[in-house]
Amino acid sequence: MTILSIQSHVAYGHVGNSAAVFPLQRLGFEVWPLHTVQFSNHAGYDGLSGEVFPARHVRDVIEGMAALGALSSCDAVLSGYLGEAAVGGAVLDALARVRAGNPAALYACDPVMGDGGKGLYVPDDIPGFLRERALPAADIVTPNVFELEILTDTKIATFEDALSAGRAVLGLGPSVVLVTSLRHAETAPNKIEILAVTAKGTWRVTTAFLEFETPPNGAGDLTAALFLGHYLRTRDVKAALEGAAAGVFAVIAATHEAGTRELQLIAAQDEIVAPKRRFTAERVG
């Protein structure tokens with residue numbers, strides 16, 4: 001099975017495509033990475049260098065792939081950091097061309113906009129583009145809590161707030177809303193949750209919350225990729241949630257053990273495929 005992954009890329013560290021491509025390959029997927037930016041490192045450091053690619057870059061790469069007749073063999077499109085709304089338009093055009101050849105192709109949209117500690121770190125036109133254009137085209141959307149608040153214009157303090165906001169996003173078009181890095185008023189201090197909301201039911205996985213002096217970046221990108229991979233294989237939300245949670249926890253645990261801020265994808269690669277620790281999703285709605 002083949003996934004077209006359109007998102008950011010860094011030379012050093014693991015965010016965007018650098019967090020998504022290798023884990024999906026280890027799970028056995030053919031992955032076509034298309035970069036929306038290429039930076040030296042992620043923005044969590046004091047400085048970075050590199051280039052934000054224009055929408056033309058995305059369109060040119062897709063045009064070349066279309067000329068090869070490759071797009072009809074694509075099973076899913078995964079998008080992440082866009083850089084600007086025009087790039088998002090190019091992503092949706094790419095999705096349309098993929099679905100012209102394979103109408104069953106899935107679209108997983110990771111609505112990368114920011115987080116609770118840093119706020120919004122994308123241009124002001126990105127939230128509106130995601131809400132009005134990307135989400136109606138998506139099958140799966142994977143916001144963190146901050147992004148879920150932006151998409152729904154609500155404040156999330158409790159589990160019921162998160163559940164209500166997830167259901168509101170379902171109303172925008174997706175079939176699955178995966179809320180990542182969920183901590184709320186009822187969450188135990190040493191725990192963290194991932195919530196999968198669908199029209200047919202809601203499931204939650206709870207894992208240990210590991211404290212870092214500087215939390216690693218890219219965990220959301222990794223979660224989106226692993227959930228899409230497991231869902232493509234099983235078409236089962238509960239199983240995909242459990243598989244993604246186990247793989248992400250293995251990487252986070254290896255990162256914690258190494259005492260670093262960069263995801264330890266290489267060290268944990270075997271556990272991405274066959275995690276030593278599994279988690280059972282509970283039905284909560």
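Here, residue 1 is the first one in the sequence, and each next residue gets the next number.
Pairing each heavy atom of Thr255 with each of Val251, the nearest pair is OG1-O, 2.7 Å. Of all heavy-atom pairs between Val21 and Pro33, the closest is CG2-CB, 3.8 Å. In this structure, Asp125 and Ala85 approach most closely via the heavy-atom pair OD2-CB, 3.3 Å. Here the closest heavy-atom approach between residue Ala19 and residue Pro23 is recorded as O-CG, 3.2 Å. Considering all non-hydrogen atoms of both residues, Ala254 and Ala268 come closest at CB-CB, 4.0 Å. Between Ala196 and Val237, the shortest heavy-atom distance links the atoms CB-CG1, 3.7 Å.
Using modelled atom types, one side-chain atom of Ser40 and one backbone atom of Ser49 make a donor-acceptor pair closer than 3.5 Å. A donor-acceptor pair is defined here as one N or O able to donate and one able to accept, closer than 3.5 Å; such a pair exists between the side chain of Arg183 and the backbone of Pro189. The backbone N or O of Leu151 sits less than 3.5 Å from a side-chain atom of Arg131, completing a donor-acceptor pair. A donor-acceptor pair under 3.5 Å links the side-chain atoms of Arg261 to the main chain of Gly44, judged by distance alone. Between the Gln38 side chain and the Gly50 main chain, no donor and acceptor come within less than 3.5 Å of each other. A donor-acceptor pair under 3.5 Å links the side-chain atoms of Gln264 to the main chain of Glu262, judged by distance alone.
Side chains of Val169 and Leu135 form a contact here, defined as non-hydrogen atoms less than 4.5 Å apart. At least one side-chain heavy atom of Leu106 sits under 4.5 Å from a side-chain heavy atom of Arg235. Between Val98 and Tyr107, every side-chain heavy-atom pair lies at or beyond the 4.5 Å cut-off. Contact check for Asn17 versus Val10: no side-chain heavy atoms found under the 4.5 Å cut-off. Using a 4.5 Å heavy-atom cutoff, the side chains of Val177 and Pro143 are in contact. Counting only heavy atoms from C-beta outward, the side chains of Phe279 and Leu241 never approach each other to under 4.5 Å.
Leu178 and Leu172 fall into different hydrophobic clusters, defined by Ile, Leu, Val, Met, Phe, Trp and Tyr side-chain heavy atoms under 4.5 Å apart, directly or through other members. In the hydrophobic cluster analysis, where Ile, Leu, Val, Met, Phe, Trp and Tyr join through side-chain heavy atoms closer than 4.5 angstrom, Leu48 is grouped together with Val122. Clustering ILVMFWY residues whenever any of their side-chain heavy atoms sit less than 4.5 angstrom apart, transitively, puts Leu71 in a cluster other than the one holding Val31. Note on Val37 and Trp32: same hydrophobic cluster, where clusters join Ile, Leu, Val, Met, Phe, Trp and Tyr whose side-chain heavy atoms are under 4.5 Å apart, directly or indirectly. Hydrophobic clustering of Ile, Leu, Val, Met, Phe, Trp and Tyr side chains at less than 4.5 Å, counting indirect connections, unites Ile194 with Leu24.
For the residue pair Ser175 / Asp139, no side-chain donor-acceptor distance below 3.5 Å is found, with atom types taken as modelled. Counted by atom type alone, Asp161 and Ser164 present zero donor-acceptor pairs between their side chains at under 3.5 Å.
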Discussion item. I'd like to know whether Ser18 forms a side chain to side chain contact (heavy atoms under 4.5 Å, CB included) with Phe39, so could you lay out the CA-CA distance, the side-chain angles of the two residues, the decisive distance to 0.1 Å, and finally the verdict.
Written reply: CA-CA 11 Å; Ser18 186; Phe39 292 147; over 6 Å; no

Worksheet item: Given the rule in the side chain to side chain contact (heavy atoms under 4.5 Å, CB included) test, do Ile192 and Ser181 qualify, once you have shown the distances and angles that lead to the verdict?
Response: CA-CA 6 Å; Ile192 192 167; Ser181 302; 4.2 Å; yes

Practice prompt. Determine, step by step, whether Thr280 and Glu242 satisfy the side chain to side chain contact (heavy atoms under 4.5 Å, CB included) criterion, reporting the C-alpha distance in whole Å, the side-chain angles of both residues, the deciding distance to 0.1 Å, and the verdict.
Written response: CA-CA 6 Å; Thr280 301; Glu242 292 172 344; 3.9 Å; yes

Practice prompt. For the pair Glu193 and Leu195, evaluate side chain to side chain contact (heavy atoms under 4.5 Å, CB included) and give the outcome as yes or no after the intermediate values.
Written response: CA-CA 6 Å; Glu193 305 170 9; Leu195 184 68; 5.9 Å; no

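A cation-pi arrangement is found for Arg233 relative to Phe29, the charged atom lying closer than 6.0 Å to the ring centre and inside a 45° cone about the ring normal.
By the side-chain contact (heavy atoms from CB on, under 4.5 Å) test, Ala244 pairs with Leu226, Phe227, sequence neighbours left out. Remark: Asp236 pairs with no residue by the salt bridge (charged side-chain N to carboxylate O under 4.0 Å, His left out) rule, at least two apart or across chains.
Annotation: salt bridge (Lys or Arg N to Asp or Glu O under 4.0 Å) contacts involving residues 55-80, sequence neighbours excluded, comprise Arg59-Asp93, Glu63-Arg97. Under the side chain to side chain donor-acceptor pair (under 3.5 Å) criterion, no residue pair touches residues 217-230, with sequence neighbours excluded. A ring pair (Phe, Tyr, Trp, His ring centres under 6.0 Å) check over residues 194-222, counting only residues at least two apart or in different chains, returns the pairs Phe212-His256.
Note: His9 NE2 to Leu34 CG = 12.0 Å, rounded to the nearest 0.5 Å. In this structure, the separation between OG1 on Thr260 and CD on Glu213 is 11.5 Å, given to the nearest 0.5 Å. One distance of note links CZ of Arg204 with CZ of Arg283; it measures 13.5 Å at 0.5 Å rounding. Taken to the nearest 0.5 Å, the OG1 atom of Thr142 stands 3.5 Å off from the CG atom of Asp110. Note that CE of Met65 and CG of Leu4 are 5.5 Å apart. Values are rounded to the nearest 0.5 Å. Between Thr187 atom OG1 and Phe159 atom CZ the span is 9.5 Å, to the nearest 0.5 Å.
Atom CG of Asn190 is surrounded by more than 12 heavy atoms from other residues, nucleotides or ligands within 6.0 Å. Annotation: Glu186, atom CD; neighbour count of heavy atoms from other residues, nucleotides and ligands within 6.0 Å is above 12.
By the 30° and 60° cut-offs, the orientation of the rings of Tyr121 relative to Tyr81 is tilted.
Other cluster members for Tyr12: Tyr45, joined by side-chain heavy-atom distances under 4.5 Å among Ile, Leu, Val, Met, Phe, Trp and Tyr.
For the side-chain contact (heavy atoms from CB on, under 4.5 Å) test with Val87, the passing option among Ile126, Val58, Ile6 is Val58; the others fail.
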